[in-house]
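Everything on this sheet refers to the single structure shown next.
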Number of protein chains: 2
Amino acid sequence: MFKLSKKADYGLIAMKHLANHRQQHACSASEIAEEYGISATLMAKVLQKLARQSLVTAKHGSTGGYQLAKAPEKVSALEVITAIDGPVLITSCVTTHGNCDATERCSIKEPLRRVNESILSVLSTVTIAQLTEETPEPALVELKGMERLAVTG
Amino acid sequence: MFKLSKKADYGLIAMKHLANHRQQHACSASEIAEEYGISATLMAKVLQKLARQSLVTAKHGSTGGYQLAKAPEKVSALEVITAIDGPVLITSCVTTHGNCDATERCSIKEPLRRVNESILSVLSTVTIAQLTEETPEPALVELKGMERLAVTG
DNA sequence: TTTATATCCGACTGATTTGGTCTTACTCTA
DNA sequence: TAGAGTAAGACCAAATCAGTCGGATATAAA
């Protein structure tokens, strides 16, 4: 398939929640989990990963919880996704070091890499602050040559 | 994760191969499979799916094989991918009918749907004909507001 | 200092998906 | 008619993923 893992989903939801409660107290994992009907331990695990990548700060102790480490306008969706799922690579051929077992034979590696970069750009353009239902801007990207093709999906 | 299935990969490779041998005879599944070091039966399966979606035409008999049903400039990568893997949906929340189990609580459904559409646009812009190593155009898409953010990946 | 609360971390399990194979039937060409 | 090839579905094994559990650690309050 071609989709985010549920953990990445939860990560985005959590980040959005923290952004909304930025001014207030730190939010505990169970508090966020309860609000969206997600297992508390699973949400904790997701938040731990985000903390390890310094996207959120964890505060220990009885009044502890999580808070955003940066302003929500400074955090992209891509950062959250890679923090949880690792690097975003659309094909097995396109790895970080750029090789697959059929490097010489595979004829579409380079063009797919470019497609991959385009998708990275889309994801890095979207910030946590923009993840609201009432985003004013309807289109996030404008495609070159879009008039040639209609979106078939 | 966030990547294409190998079958979709193989589908793109096969389509590209058929595009390159367009003028010549029809290519059998085993011929393509051998060239790229892929199992023949697996490649056959992939090609069968493509044939069912009318992306390629199958010719039976001893001189049979597969041929492109349309010009390579008229077939987008998105068509090939959806033919093999089904509809492209980046999150579990974003389904074709548009619901998940936490519809009311989930606060990022609509923005993610827009991100999804952007990715669909990217994939639908790329054609089989463009899947060559020596594509003249370096950038496939141009992003609105890209100057605000650098690609972190 | 003790106790309660909360995060942290790694190991573990069960279910789902996916890559890949095999078998059988069908279709066309020579 | 025989051979080459496709068509289609069942089938298996490996990898991945969602979600859980338990213990360790750090903080705050009594």
Side-chain angles (χ1 to χ4, degrees), chain A residues 1-11 13-14 18 25-34 36-67 69 81 83-87 89-93 100-102, chain B residues 1-11 13-14 18 25-34 36-67 69 81 83-86 89 91-93 100-102:
Chain A
M1 289 295 264
F2 190 69
K3 63 178 180 183
L4 297 175
S5 68
K6 270 195 179 178
K7 286 180 190 173
D9 255 15
Y10 295 162
I13 291 174
L18 291 178
H25 63 100
C27 302
S28 73
S30 48
E31 173 191 333
I32 303 176
E34 198 176 335
Y36 301 99
I38 302 166
S39 149
T41 49
L42 180 58
M43 178 56 86
K45 205 171 177 180
V46 169
L47 284 163
Q48 282 161 30
K49 278 203 170 185
L50 293 176
R52 221 170 305 152
Q53 306 291 326
S54 306
L55 290 175
V56 300
T57 55
K59 192 185 172 195
H60 285 227
S62 52
T63 60
Y66 291 96
Q67 279 182 313
I81 293 166
I84 293 174
D85 281 345
L89 307 163
I90 64 166
T91 81
S92 328
C93 288
C100 70
D101 45 350
Chain B
M1 290 292 265
F2 190 70
K3 62 179 179 184
L4 297 175
S5 69
K6 271 197 179 177
K7 286 180 190 172
D9 256 14
Y10 295 162
I13 291 174
L18 292 178
H25 63 100
C27 302
S28 74
S30 49
E31 174 191 334
I32 303 176
E34 198 175 336
Y36 300 99
I38 302 167
S39 148
T41 48
L42 180 57
M43 178 56 87
K45 206 171 175 178
V46 169
L47 284 164
Q48 282 161 28
K49 276 203 172 185
L50 293 175
R52 223 170 302 151
Q53 305 292 326
S54 305
L55 290 175
V56 300
T57 56
K59 190 185 174 195
H60 287 223
S62 53
T63 60
Y66 291 96
Q67 279 183 312
I81 293 167
I84 294 173
D85 280 346
L89 306 163
T91 80
S92 328
C93 288
C100 70
D101 44 352

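Here is the naming used below: chain letters follow the sequence lines, and residue numbers restart at 1 for every chain.
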Practice task
From the options D:dA18, D:dA28, C:dC22, select the nucleotide whose nearest atom is closest to the side chain of B:T41.
Solution key: C:dC22
Practice task
Send over the distance from B:Q48 CD to C:dC26 C1', rounded to a whole Å.
Solution key: 12 Å
Completion exercise
Atom NZ of B:K6 and atom C1' of D:dA14 are separated, to the nearest Å, by 12 Å
Problem - Side-chain donor/acceptor of A:K7 to backbone N/O of A:V46, under 3.5 Å - result: no
Problem - Distance in angstrom units between B:K7 NZ and C:dG20 C1', rounded - result: 8 Å
Problem - Among C:dC8, D:dA29, D:dG5, the nucleotide that comes nearest once only the side chain of A:A58 is considered - result: C:dC8
Exercise for the section: Please report, rounded to the nearest Å, how far the P atom of D:dT16 is from the CD1 atom of A:I84. Expected result: 18 Å
Handout entry: Rounded distance [0.5 Å steps], NZ in A:K59 versus OG1 in A:T57
Key = 9.5 Å
Practice task
Kindly say whether, by distance alone, the side chain of B:K45 makes a donor-acceptor pair under 3.5 Å with the base of C:dG20?
Solution key: yes
Handout entry: Phosphate contact (D:dA8 OP1 or OP2) by B:R52 side-chain N/O below 4.0 Å
Key = yes
Exercise for the section: Return the value, rounded to whole Å, for the distance between atom NE2 of B:H60 and atom P of C:dA25. Expected result: 17 Å
Practice task
Look at all strands and tell whether B:A29 reaches a base, only sugar-phosphate, or nothing, counting heavy atoms closer than 4.0 Å.
Solution key: sugar-phosphate
